[in-house]
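The structure appears below as structure tokens.
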Amino acid sequence: MAKPKVAFFDFAGCEGDQLQVANLEEELLDLLGQVEVVSFREVMKEHSDNYDIAFIEGSCTRLQDEERLKQIRKTAKLVVAIGSCATIGGINSLRNDKDLDDVRKTVYGEDARLFDSYAARPIDAVIPVDAYVHGCPITKDEFLSVVKSLLLGKKPDIPTYPVCVECKKNENVCAFERGQYCVGPVTRAGCNSCCVNEGTICWGCRGLVDNPNENSEKEVLIKYGLTVDDAINKFKLYFGWQERKR
Amino acid sequence: MRVISKEDFAEFVNALIKDKSLNVIGVKAKGDKFAFGPLESASELRLDYDVTLLPPKKYFFPQRETLVTYDVTTGFAVPKAEEVKPLVIIGVHPYDIVALLHMDEIFKETKSDPYYFEKRNASIIIGINIQNMSKYCFAPQMGCAVIDYGYDLMLTDLGNRYAINIGHAKGEELLNKYAKNVTTALARDIQLVGQKKREILNMSKQKFDFSPELIPELLSKTYEKSGFWEKHSEKCLACGSCVLVCPTCYCFDVKDSTDLSLERGERIRTWDGCLLEDFAKIASGENFRPTRPTRYRHRYFKKGKYLYDRFGFISCVGCGRCSSNCLPDIANPVKLFNDMYHETKSLGVEITPAAEPSVEIQTEGNIDYVPKLATIVKKVSMTANETLFEIKLDDGSELGHKPGQFVEVSVFGIGEAPISVSSSPTKKGTFELCVRKLGNVTTKLHTLKEGDKVGIRGPFGNGFDYEFLKGKDLLFVAGGLGIAPLRSLFNYVLDNREKYGRVILLYGCKEPRELLFSEEMLALAKRDDVEFKPTVNWCPENEVWTGNIGVITTLIPQVSFDPESTYAVVCGPPIMYKFVIHDLKDRNLPDDHIILSLERRMKCGVGKCGHCQINQIYVCKDGPVFNYSKIKGVPEAL
Ligand SMILES: Cc1cc2nc3c(=O)[nH]c(=O)nc-3n(C[C@H](O)[C@H](O)[C@H](O)COP(=O)(O)OP(=O)(O)OC[C@H]3O[C@@H](n4cnc5c(N)ncnc54)[C@H](O)[C@@H]3O)c2cc1C
Ligand code: SF4
Ligand code: SF4
Ligand code: SF4
Ligand code: SF4
Ligand code: SF4
Ligand code: FES
């Protein structure tokens with residue numbers, strides 16, 4: 001079997017996820033034994049338009065992006081969204097709530113008119129996506145596990161249960177018991193509850209589970225002391241696009 | 001009873017820690033909470049704790065554990081054993097000790113789980129009587145707050161000293177070897193311990209409004225109560241916390257993980273829980289407990305009824321962890337059962353304790369999680385999505401299956417799936433599997449070629465009682481892929497044709513091109529000792545079909561049979577059973593003349609992982625073949 005050709009693309013995001021991949025170092029070498037990277041701005045200058053697997057980072061934030069995405073979809077056999085911005089709209093969709101003209105002015109200053117911007121959205125709002133590497137930023141382990149699955153012809157194993165499952169297995173003291181507020185009960189697991197393991201909370205970077213009980217989670221946040229507005233804001237940080245769709 | 005001063009006890013613990021051949025665990029603070037963890041010094045011990053975050057089962061049934069390693073070139077193997085050091089666990093509360101005894105029963109039923117017992121048998125449990133009780137604890141009501149069995153040593157805090165009850169020789173040896181200044185308890189201390197125990201029984205802040213003995217019976221009266229489960233589970237987050245922290249929950253998931261070579265890897269089991277959305281979901285998309293209320297209900301039934309019916313104990317020790325970990329506060333068994341009691345009472349229903357279940361637990365040998373290497377010797381594509389694989393075990397042995405049994409098939413790097421053996425045991429040397437391409441394992445299997453290797457575990461399940469069926473008339477009813485398990489019996493019967501009465505086969509699928517084993521079917525049509533009627537749900541215009549058109553039940557009126565002498569053997573998609581059974585009963589076929597083969601999500605195949613469970617039944621072990629008369633009253637079965 002010829003090695004699959006792999007290309008990386010970035011849209012609106014911080015490229016933090018490509019950095020994670022570039023940082024794989026040793027494992028990357030092993031991985032390179034299995035695939036051929038033909039386009040990767042983070043580490044190489046060359047670029048090729050002949051690839052099998054496209055990894056896309058960042059949200060789609062402009063109408064013009066859509067054309068580029070459709071082109072990628074036509075070329076690639078598999079499209080993989082990596083990082084929150086690409087998988088769920090991520091932090092980018094925070095601004096969807098604000099007046100877009102204001103956003104443009106803040107971002108582009110007086111030249112705002114020259115740029116056309118619209119509600120930031122995940123890649124699968126524009127083209128079909130075959131696999132997801134969630135997280136903000138993604139973790140090396142999950143990236144590798146998704147790549148391995150794809151190479152083996154297996155559906156990547158992305159949990160349908162929430163972060164609490166991993167958090168309990170890790171025997172953490174629950175954030176709510178520490179006087180903090182957590183959206184782990186509605187957030188898709190897969191990160192091994194890494195933030196809570198470090199003594200903080202889950203912010204929801206992997207997006208909502210497929211069937212979240214949002215009302216109950218908001219009730220819990222309020223029961224433990226958040227105001228209604230703060231509870232809503234907790235959801236907005238990462239769930240903006242998903243909530244809008246629901 | 002012995003007594004040891006607290007200073008000497010600390011010395012004892014430090015002496016244990018110093019001995020590097022032991023693994024010494026104790027209760028320590030974790031933030032404002034407590035957890036079992038490795039001890040570096042006796043001063044870390046917090047024996048005044050109320051409850052630990054996770055129960056000590058994590059040492060015997062860890063959150064993540066390698067069951068099997070594999071290598072594409074050499075096959076499957078038991079993971080290289082890390083040296084199992086004797087584990088000394090200090091400070092286990094009585095309810096957690098009872099929970100371990102429950103786990104022992106569960107992990108040893110039918111066949112023992114070697115991974116669990118390897119660690120469990122090498123453990124020494126030093127319990128402590130409860131000093132502070134968590135506000136959610138109701139262990140006293142469950143009879144699990146004070147015990148005189150299950151431990152090696154049991155401590156009671158008497159101020160400046162501990163009283164020590166010796167439960168097992170292992171405990172006594174430990175004391176003799178590592179402790180100094182242990183004295184025999186005087187009458188005063190024995191009395192004091194008795195008094196402490198009585199105090200513990202009154203410590204609980206949770207109260208049942210009725211006797212917990214009634215729980216199994218209460219549950220059976222509430223299974224279908226309209227709105228009850230919906231109301232109580234409305235806020236359920238499906239977060240699984242209530243089951244993950246429970247000392248008696250044992251369900252697990254099994255997954256394969258490969259390294260970057262893609263050729264080597266491990267099969268890992270991890271904790272799973274019935275509250276999670278996909279717990280009972282199968283590859284075709286069917287989910288046997290699709291909603292929060294059904295999963296929420298399952299947990300209470302599992303604890304209060306199913307395991308009671310199977311093992312004779314209520315599988316809750318009253319530790320209260322589920323209650324304290326449920327953020328919307330809906331997982332408290334005391335609250336729920338009290339509500340259930342009052343609602344049932346208010347309807348004027350009399351509740352008396354259920355009859356003692358008759359428990360027949362047998363155990364023999366160990367579970368082997370390691371598949372045997374096998375070769376695909378022949379691969380015949382039957383339809384666009386179904387292929388027949390002929391398989392030979394590499395060690396040259398016979399599979400030795402009964403008709404209706406199944407095997408767990410492993411595909412390297414992907415995982416395991418249960419597949420019925422489709423060939424008759426009369427076929428020697430190889431066996432056949434008829435596989436539909438649906439999810440990961442089955443799809444990858446289709447890409448393998450003749451000569452490629454797979455793994456095989458089994459045969460599993462009970463299979464059809466082909467001896468009993470001798471002399472009877474047999475009516476086979478197969479829907480779609482349901483023909484796969486039935487074919488093993490059907491072919492067996494054909495190979496022993498004179499021993500059976502009439503043989504009728506009704507076989508239906510969606511459209512002609514989905515017909516499985518079409519050549520064999522053509523041959524059947526020519527036989528005069530078999531009555532064969534196929535049907536399709538519809539026939540597209542470009543295909544040819546001369547048989548019946550309509551769902552499988554349309555064939556039933558077309559055959560005559562004597563209800564006295566006929567046994568129906570039925571297998572098909574879950575939706576099919578109700579209709580077929582209804583029509584067979586209409587034809588006066590007695591309930592115990594209907595034999596079914598059921599499908600459920602499966603992971604272990606050996607009655608341990610909990611995925612295939614319907615009430616007290618494990619489909620993988622007690623089934624997949626069931627007599628309808630035995631399961632017709634079992635909710636969720638059909
Ligand atoms: C007793 C029994 C006999 C069966 N016999 C056959 C047969 O002869 N031919 C055939 O094609 N299929 C059979 N099935 C169904 C077959 O097991 C599933 O289609 C298969 O497990 C799907 O696995 P997957 O990895 O391809 O799918 P995925 O969706 O990737 O499933 C992942 C895992 O979930 C579990 N799982 C998913 N679906 C099922 C299911 N339906 N039943 C049990 N576990 C499931 C398995 O552990 C599986 O590996 C049988 C099932 C049972 C319970
Ligand atoms: S800290 Fe967050 S993720 Fe962990 S159990 Fe609590 S709510 Fe769930
Ligand atoms: S714990 Fe929450 S915020 Fe942290 S990585 Fe996981 S999903 Fe993201
Ligand atoms: S802990 Fe509570 S919310 Fe979570 S699954 Fe259990 S019952 Fe539902
Ligand atoms: S059901 Fe709840 S109270 Fe009972 S043993 Fe499990 S966690 Fe403890
Ligand atoms: S089925 Fe039983 S043992 Fe398994 S998770 Fe549910 S309650 Fe626990
Ligand atoms: S208990 Fe694991 S498959 Fe039945």
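FYI, side chains are in, hydrogens and waters are out, and symmetry mates aren't considered; it's all heavy atoms of this structure. To find a chain, count down the sequence lines: A is the first, B the second, and so on, and within it residues start at 1. Keep in mind it's a predicted model, so treat the numbers as computed, not measured.
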Exercise. Counting only heavy atoms closer than 4.5 Å, note whether L244(B) contacts chain A via side chain, backbone, both or neither.
Key: side chain
Exercise. State whether the side chain of K33(B) and the backbone N or O of N172(A) hold a donor-acceptor pair below 3.5 Å, judged by distance alone.
Key: no
Practice problem: Only one of Q63(B), K58(B), K30(B) passes side chain to side chain donor-acceptor pair (under 3.5 Å) with E171(A); say which it is. | Solution: K58(B)
Self-check item: Side-chain (N440(B)) to main-chain (K155(A)) donor-acceptor, under 3.5 angstrom
Solution: yes
Exercise. Please report the shortest heavy-atom distance between C239(B) and P162(A), naming the atom on each side.
Key: CA-CG, 3.6 Å
Quiz item: Regarding K168(A) and N325(B), is there a side-chain donor-to-acceptor distance under 3.5 Å anywhere?
Solution: yes
Quiz item: Is there a donor-acceptor pair under 3.5 Å between the side chain of K169(A) and the backbone N or O of R64(B)?
Solution: no
Quiz item: Using non-hydrogen atoms only, which part of T447(B) is less than 4.5 Å away from chain A: side chain, backbone, both, or neither?
Solution: neither
Quiz item: Between atom CG of N213(A) and atom CG of L237(B), what is the distance when rounded to the nearest 0.5 Å?
Solution: 5.5 Å
Quiz prompt | Residues, nucleotides or ligands: over 12 heavy atoms within 6.0 Å of E230(B) CD | solution = yes
Practice problem: Find the distance between CG (L151(A)) and CG (L262(B)) and round it off to the nearest 0.5 Å. | Solution: 5.5 Å
Practice problem: Can you measure from CG (L260(B)) to CG (L144(A)) and round to the nearest 0.5 angstrom? | Solution: 5.5 Å
Quiz item: Is a side-chain donor or acceptor of K223(A) paired with a backbone partner of L327(B) at a separation under 3.5 angstrom?
Solution: yes
Self-check item: Contact summary for D210(A) and E277(B), nearest pair of heavy atoms
Solution: CB-OE2, 4.5 Å
Quiz item: T270(B), T443(B), L54(B): which one forms the most heavy-atom pairs within less than 4.5 Å of chain A?
Solution: L54(B)
Exercise. Pick one of side chain, backbone, both or neither for K235(B), based on which atoms fall under 4.5 Å of a heavy atom in chain A.
Key: both
Practice problem: Please determine, among L276(B), D329(B), T52(B), the option with the most heavy-atom pairs under 4.5 Å with chain A. | Solution: L276(B)
Quiz prompt | Any residue of residues 173-181 of chain A which, by heavy atoms, sits under 4.5 Å from chain B | solution = V173(A), C174(A), F176(A), E177(A)
Practice problem: Give, as side chain, backbone, both or neither, the part of V165(A) having an atom under 4.5 angstrom from any heavy atom of chain B. | Solution: both
Self-check item: Flag if over 12 foreign heavy atoms under 6.0 Å of NZ, K135(B)
Solution: no
Quiz item: Does K281(B) NZ have over 12 foreign heavy atoms under 6.0 Å away?
Solution: no
Practice problem: Would you mind checking which part of E217(A) comes under 4.5 Å of any heavy atom in chain B, side chain (CB onward), backbone (N, CA, C, O), both or neither? | Solution: both
Exercise. Any pair with a residue in residues 247-263 of chain B that passes salt bridge (charged side-chain N to carboxylate O under 4.0 Å, His left out), sequence neighbours left out, goes on the list, sorted by first then second residue, please.
Key: D157(A)-K255(B), D253(B)-K255(B), D253(B)-K603(B), D256(B)-R267(B), D259(B)-R264(B)
Quiz prompt | Test item: K154(A) side-chain N/O and G413(B) main-chain N/O as donor-acceptor pair under 3.5 Å | solution = yes
Practice problem: Below 4.5 Å from any heavy atom of chain A, which atoms of A35(B) appear? Answer side chain, backbone, both or neither. | Solution: both
